[in-house]
Amino acid sequence: MTIRWLLSDLLGRVPYSAVMGPTDVVVTGITCDSREVAKGDIFAALKGLKADGRDFVPEALAKGARVILSHAEPLDALPEGVSWVVCPRDREAFSAACSALFGTEGNPVRLAGITGTNGKTTCAYLLRSIFVQAGGAGMLGTIEYDTGDGLFPAVRTTPEAHFIHRWLRGLAEKGIPYAAMEVSSHSLALARVAHLQFMAAGFTNLTRDHLDFHETMEAYYQTKKGLFDLLDPDGAAVVNLEDPYGVRLSGELHRRKVITVGGKKPADLRPEGLAMDLSGICCTFKTPFGDVPVRSSLTGRFNLENLLVAVGTALATGVSTEHAAAGIAALTGVPGRMERVASGQPFTVLVDYAHTDDALKNLLQTVRELGPERIITVFGCGGDRDRTKRPLMGAVAARLSDILLLTSDNPRTENPEDIARDAEQGIKPELGSGKVYERILDRRAAVRKALEMARAGDVVVVAGKGHERVQLTGTTKREFHDPTVVRELLGEMGWA
Ligand SMILES: Nc1ncnc2c1ncn2[C@@H]1O[C@H](COP(=O)(O)OP(=O)(O)OP(=O)(O)O)[C@@H](O)[C@H]1O
Ligand SMILES: [Mg+2]
């Protein structure tokens, strides 16, 4: 990927208010992270939530940046030969410059985006699986970034604009036809995705979350809605009518093609002949594009909604119903999202990263609906984090489980005993007749105990850490991956 742009040409594409220094310079890259500046790059010194990017200009210049794009004027006198572009709408300008430099206008890759409070990661995995059937895919999301020929651990759900556009350019150069990405509300608010054009955009749901950032539900909703302004003129919005905000959204997207999904009519995509149990979901999706036979290893009410949103989004991106069906069948699970660990044992083990009382409630209710004999839950509360949610989590876990094993979940610098005591305030009042409760602070020992107690037809739920790979105790990081630990313990018990 070679980039060579004359700054004067680039300025035609970027909203700016003033330029200092020469404009006949050649730029060969762009970033907003001073640590990754290479010679010839533009350094975007953005106004951050905490830091001012201008503080990092000396470092960027030392690394060879010769053009600075910033929300305000330089803090110091400009060295000879350095250009400074003042862009009051700095993030939009940065995004526009990234799009121009990486040449991503005109949809070189058919891009699908997913937004909503929950389900983005699951939908992105489903989309990737479907797109792979249809010829190849890239993916950006909470757990990993997929460049089509390599996987990288994700830093954040939706990365900065230069990363996204570099990734898209890379996919285009490799001839990869499709891409799926989770679009977080932060990325919409911070214009990281401002110059993308989506062939399809899916909406899962909206519940109270991230209000520290967005302040009100209305602001949060409006931010999410912004994704649908980024649709290609031929693109479609795919909206979940099972969520009240989805119903609202579907009525507000004027001049857009809208495909609705839900449990029943009038939803455009809906399941027929639904059979759902602990092993998965089986049904036919009736869609405007034709029937899609669904045989999925994902299960639970909300995964049915995720399947509907993902399939609607894939079909709207231009994939065939056959490829959609094959992609659904090929996805055996999503890391840490009701992830099933199966080694031939006669009970079900699910690992999920639900780590709030709400998520835990949702998860355990969903498991209950699938008709298990008993639910055996292993969970803990994080240390150095919101203490008030501990009794709430404890109460929900105790109320909705038959057997509850309280353990540690990243105690950090707190005493695990103290954390457990907070959770027990919520647990104790819920311990009615027949409920079994035990506190086993060593997480591996707690998981082992749960697996030993489980009988045929039971479900063991290991909640809280999901795809995480470490346990943080004190200031030390120890490798700990719930699915791996479960697999090891099942092996020790003779299941292979
Ligand atoms: N459609 C849904 N509705 C409610 N809960 C869901 C839904 N899909 C998944 N979940 C549950 O919510 C949690 C988050 O799911 P997932 O990771 O797919 O969502 P996300 O939107 O990517 O969230 P995040 O922004 O935290 O990455 C998990 O515990 C999962 O089991
Ligand atoms: Mg996610």
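Keep in mind that the numbers below use all heavy atoms, side chains included, and drop hydrogens, waters and symmetry copies. When a ligand or atom number is given, it counts from 1 through the structure's own listing order.
Within the listing of ligand 1, atoms 1 (N), 2 (C), 7 (C), 8 (N), 9 (C) sit less than 4.0 angstrom from a heavy atom of Asn306. Every atom of ligand 1 with a heavy atom of Asn362 under 4.0 Å away is listed here by number and element: 4 (C), 5 (N). Close approach of ligand 1 to Thr122 (heavy-atom distance below 4.0 Å) involves ligand atoms 18 (O). In summary, the atoms of ligand 1 found under 4.0 Å from a heavy atom of Asn205, numbered by their order in the structure, are 1 (N), 2 (C), 3 (N).
In this structure, Tyr245 and Tyr221 have tilted ring planes: the angle between them lies in the 30° to 60° band.
Taking the charged nitrogens against the carboxylate oxygens, Lys225 and Glu252 do have a contact shorter than 4.0 Å, which makes a salt bridge. In summary, Arg128 and Glu144 engage in a salt bridge, as defined by a charged side-chain N under 4.0 Å from a carboxylate O. Using a 4.0 Å cut-off between charged nitrogen and carboxylate oxygen, Arg91 and Glu160 count as a salt-bridge pair.
Of all the listed residues (Val309, Thr115, Thr117), Thr117 holds the heavy atom that lies closest to atom 23 (O) of ligand 1. For atom 28 (C) of ligand 1, the nearest non-hydrogen atom from the set Val334, Asp352, Leu363, Asn240 comes from Asp352. In the candidate list Tyr353, Phe302, Tyr125, Phe302 is nearest to atom 11 (C) of ligand 1, counting heavy atoms.
None of the N, O or S atoms belonging to Thr157 lies under 2.8 Å away from the Mg ion (ligand 2). Metal site remark for the Mg ion (ligand 2): Ser184 contributes no N, O or S atom at a distance under 2.8 Å.
Side chains of Gln471 and Lys477: a donor-acceptor N/O pair is absent below 3.5 angstrom, by distance only. Between the side chains of His186 and Arg156, no donor N or O sits under 3.5 Å from an acceptor N or O. Between the side chains of Thr260 and Asp268, at least one donor N or O sits under 3.5 Å from an acceptor N or O. Under the 3.5 Å distance criterion, with hydrogens and angles disregarded, no donor-acceptor pair is assigned to the side chains of Thr284 and Glu272. Residues Asn240 and Asn205 have side chains that never bring a donor and an acceptor to within less than 3.5 angstrom of each other.
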*Check the pair Val447 / Leu451 against side-chain contact (heavy atoms from CB on, under 4.5 Å), numbers first and verdict last.*
CA-CA 6 Å; Val447 174; Leu451 298 176; 4.1 Å; yes
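In Glu305, neither the side chain nor the backbone holds a heavy atom less than 4.0 Å from any atom of ligand 1. Contacts of Thr142 with ligand 1, taken as heavy-atom pairs under 4.0 Å, involve the side chain alone.
Taking a 4.0 Å cut-off on heavy atoms, Glu182 registers as neighbouring ligand 1. Residue Asn303 places every heavy atom at 4.0 Å or more from ligand 1.
In terms of N/O distances under 3.5 Å, ligand 1 is approached by Gly119. In terms of N/O distances under 3.5 Å, ligand 1 is not approached by Thr157.
For the pair OE1 of Glu182 and OG1 of Thr121, the angle at the Mg ion (ligand 2) is about 90°; rounding is to 10 degrees.
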